[in-house]
Amino acid sequence: MVAVIGDSANMGSIRLHAACGFAHAGLLPNIGWKHGRWVDSVLMTRALGPGATEPPPPGR
């Protein structure tokens, strides 16, 4: 699962996602203009099920 948080200063959202098992995956600096300033986007990911710890089921 991927979370895209629209401002790297939004620590509340970043902490909430981290508490739900999301991990920092990347930063897209200065890609949005909001309220008169440039903002970053933070990318966070979380595995669904076993994720990369197991191979996919047959036929996928």
Side-chain angles (χ1 to χ4, degrees):
M1 192 177 333
V2 176
V4 180
I5 299 166
D7 187 350
S8 60
N10 189 347
M11 293 309 298
S13 184
I14 293 168
R15 286 188 195 111
L16 174 67
H17 282 84
C20 292
F22 284 79
H24 181 84
L27 178 73
L28 302 171
N30 304 311
I31 65 162
W33 182 259
K34 184 176 179 181
H35 302 298
R37 65 184 183 94
W38 288 103
V39 294
D40 305 330
S41 282
V42 177
L43 303 176
M44 299 183 80
T45 61
R46 181 177 187 268
L48 296 176
T53 62
E54 294 181 14
R60 296 221 178 164

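The side chain to side chain donor-acceptor pair (under 3.5 Å) search around Asn10 returns none, not counting sequence neighbours.
Taking both residues in full, the closest heavy atoms of Ala47 and Gly51 are given as CB-CA, 3.8 Å, listed atom of the first, atom of the second, then distance.
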Distance-only donor-acceptor hits, side chain of residues 20-44, under 3.5 Å, sequence neighbours excluded:
{"from": "Arg37", "atom 1": "NH2", "to": "Asp7", "atom 2": "OD2", "distance (Å)": "2.4"}
{"from": "Asp40", "atom 1": "OD1", "to": "Asn30", "atom 2": "N", "distance (Å)": "2.8"}
{"from": "Asp40", "atom 1": "OD2", "to": "Ser8", "atom 2": "OG", "distance (Å)": "2.8"}

